[in-house]
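Read the structure below first, then the notes.
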Amino acid sequence: MKPNNPRLLAVQTLTRVVGKGGYSNLTLDHIITKYRLDSRDAGLLTNIVYGVIQHQLTLDYLLKPFVKNRQLDPWVRCLLQTAVYQLQYLDKVPARAVFFDSTEIAKQLGHQGIAKFVTGVLRQAQRTGFPDPATIPDPLERLAVTSSTPLWLVKKLQEQLGATKTASILAAINQPAHASIRVNTTKTTPDALLKILQPSFPELRESPLTPIGLIAPGGHLAGTPEFAAGDYTMQDESSMLVAPSLDIQPGDAVLDACAAPGGKTTHIAQYLDPDQGGHVTALDLHANKIRLIQQNANRLGLVDRVSARMLDARQVDATFAPESFDKILVDAPCSGLGLIRRKPEIKYTKQADDPRHLQQIQLAILNSVAPTLKIGGRLTYSTCTMVKEENQDVVAQFLADHPEFEQVPVLSLKPLTKAHGAPALQLFPDDYDTDGFFIASMIRRK
């Protein structure tokens, strides 16, 4: 079997992502580039990798009667999952191709004994059929298996949002994420960029959430000359709502307390005028992430209004003078549960107690930045998660501890009729087919 076979590469990619904690999107990009895959093979590889990760718990349920309690090496489990995914979810892939390649991969990565085992599992499943998850009697367990979502998360969402909304969210997160870009308004306009890109991306259109966002069902939008020139950057639509919430004025001094990789930092910078003193200070804990912020600012032509420095955001009050900033953004470290559609492996790496532990970090950052905001200044708190422990509960605790702050409605450039949680703004993946996101705005009154 050739080393660039997409089914072989899928098993190797999944083994790396599942076993070593890699990110699926980054690992896929690396593999596609390394092996110079054509669009057809790259498409099959991407489909298999994302499909297996999205449906991992479902696939394990389907396999269980055939592997029983046998301890499998990670790559063998990944191989069986890729085979079952193709048999169950890909109508245009012939079963004989799946059987043949799976056996050959087992020989290549293992030995003849494993190849016989893999073939035996698939043949038995073909003869007897797979179990039907819809027959699981417990409704929560059934939803967990059919949506491939850990049971603890299903329970938490149902408790907080109800059964109907939870089912809608879990159906949405297993649909493909569309591509979205933010127009760099310091270089071009959405209309002008749309005219340039539409011949190559005919389905590109304006985002329903923001007038500076463009979206498409797919496509390699990061590979154009316009991207390289800094006319736009890749950013989810829900994330594009954060900078407008700050009501930034051209001469503002802004702090982005948790900034990497710099998407929101550079969006903030688009509103600033360096000739009027407008500037954003971007912080992150790690030197490599500071470099990412600087690289993004440089590509977009915004370096004259961005400073990036390495600092723990919990040390802001010990580093900056009181009332240093007109606006502050705390896009806090969070569980990332709103990103499951785009990064499905998140479902399996988080634990039930993570939101509660992260809450302490989120509050520590808010408490640290609070004294450095000017009276009358605006503080935005945002996360890419969906659970109230990291969202509404954090805001409520911060306001209880800081009576000098008042929560105000979140400003947006378009009316968002499907948003939840006013005066905060909560979006779920099924609302606008975006990442799940939470934004709250507060003004310091004294």
Side-chain angles (χ1 to χ4, degrees), residues 25 28-29 32-33 37-40 42-43 46 175-250 261-276 278 280 292-306 341-342 411-419 427 429 431-435 437:
N25 57 341
L28 270 174
D29 288 345
I32 290 169
T33 301
L37 299 184
D38 60 30
S39 59
R40 181 178 176 179
T46 302
Q175 301 304 311
H178 56 231
S180 60
I181 63 176
R182 190 191 80 235
V183 180
N184 182 358
T185 51
T186 67
K187 291 194 171 189
T188 186
T189 66
D191 287 343
L193 186 61
L194 192 58
K195 289 178 183 176
I196 292 170
L197 294 179
Q198 265 190 332
S200 300
F201 305 95
E203 294 182 277
L204 193 67
R205 60 185 176 88
E206 183 179 308
S207 162
L209 273 72
T210 169
I212 63 164
L214 301 176
I215 61 173
H220 187 42
L221 283 157
T224 69
E226 290 75 22
F227 177 84
D231 290 351
Y232 64 91
T233 194
M234 307 304 298
Q235 188 174 8
D236 188 77
E237 297 163 87
S238 57
S239 180
M240 295 183 217
L241 303 177
V242 174
S245 76
L246 286 162
D247 191 25
I248 299 164
Q249 303 305 306
K264 299 177 189 69
T265 302
T266 53
H267 193 181
I268 289 167
Q270 289 178 204
Y271 288 97
L272 299 172
D273 182 354
D275 292 334
Q276 297 185 45
V280 53
L292 277 177
I293 298 169
Q294 293 167 332
Q295 289 166 4
N296 279 322
N298 184 61
R299 182 177 61 81
L300 294 166
L302 300 169
V303 288
D304 58 347
R305 60 201 83 179
V306 175
R341 187 206 301 260
R342 204 173 298 277
L411 302 174
S412 63
L413 301 178
K414 284 187 174 184
L416 302 176
T417 56
K418 298 179 183 179
L427 292 181
D431 293 328
Y432 290 95
D433 294 324
T434 66
D435 292 342
F437 220 86

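In what follows, residues are counted from 1 in the order of the sequence shown.
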Query - By ring pair (Phe, Tyr, Trp, His ring centres under 6.0 Å) - contacts of Tyr271 (at least two apart) - result: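 Only His267 meet the ring pair (Phe, Tyr, Trp, His ring centres under 6.0 Å) criterion with Tyr271.
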Report task. Begin with the C-alpha distance, continue with both residues' side-chain angles, and end with the deciding distance and a verdict on side chain to side chain contact (heavy atoms under 4.5 Å, CB included) for Val280 and Val306. Result -> CA-CA 5 Å; Val280 53; Val306 175; 3.7 Å; yes
Rounded distance [0.5 Å steps], [atom1] in [X] versus [atom2] in [Y]:
| X | Y | atom1 | atom2 | answer |
| --- | --- | --- | --- | --- |
| Thr33 | Leu28 | OG1 | CG | 10.5 Å |
| Thr188 | Leu193 | OG1 | CG | 5.5 Å |
| Asp273 | Thr186 | CG | OG1 | 11.0 Å |
| Ile293 | Asn298 | CD1 | CG | 13.5 Å |
| His178 | Arg341 | NE2 | CZ | 7.5 Å |

Report task. Work out which heavy atom in Asp431 is nearest to a heavy atom in Lys418; give both atom names and the distance. Result -> O-CD, 3.0 Å
Query raised in the report: What are the two closest heavy atoms between Leu272 and Arg305, and how far apart are they?
Result: O-NH1, 3.0 Å
Residue list, side-chain contact (heavy atoms from CB on, under 4.5 Å) with [X], at least two apart or on another chain:
| X | value |
| --- | --- |
| Leu37 | Asn4, Leu9, Ile32, Tyr35, Asp41, Ala42, Leu45 |
| Pro176 | none |
| Asp435 | Asp236, Ser238, Leu339, Arg342 |

Report task. Report the C-alpha separation of Gln294 and Val303 in whole Å, then their side-chain angles, then the decisive distance to 0.1 Å, and conclude whether the side chain to side chain contact (heavy atoms under 4.5 Å, CB included) test is met. Result -> CA-CA 7 Å; Gln294 293 167 332; Val303 288; over 6 Å; no
**Report entry** Any donor-acceptor N or O pair under 3.5 Å, side chains Arg299, Thr233
**Finding:**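 Result is yes, a qualifying pair exists.
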Report task. Show your reasoning for whether side chain to side chain contact (heavy atoms under 4.5 Å, CB included) applies to Asn296 and Thr265. Result -> CA-CA 9 Å; Asn296 279 322; Thr265 302; over 6 Å; no
Query raised in the report: Just by modelled atom types, is the Ala297 backbone N or O under 3.5 Å from a matching donor or acceptor in the Thr266 side chain?
Result: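 Not a single qualifying donor-acceptor pair exists.
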Under 3.5 Å donor-acceptor pairs involving side-chain atoms of residues 202-227, not counting sequence neighbours:
| residue | atom | partner | partner atom | Å |
| --- | --- | --- | --- | --- |
| Glu206 | OE2 | Lys414 | NZ | 2.6 |
| Ser207 | OG | Leu209 | N | 2.9 |
| Ser207 | OG | Thr210 | N | 3.4 |
| Ser207 | OG | Glu237 | OE1 | 2.6 |
| Thr210 | OG1 | Ile212 | N | 3.3 |
| Thr224 | OG1 | Glu226 | N | 3.4 |
| Thr224 | OG1 | Phe227 | N | 3.0 |
| Thr224 | OG1 | Tyr232 | OH | 2.5 |

Side-chain donor-acceptor pairs of residues 240-247 under 3.5 Å, sequence neighbours excluded:
| residue | atom | partner | partner atom | Å |
| --- | --- | --- | --- | --- |
| Ser245 | OG | Val242 | O | 2.5 |
| Ser245 | OG | Thr380 | OG1 | 3.0 |
| Asp247 | OD1 | Gln249 | NE2 | 3.3 |

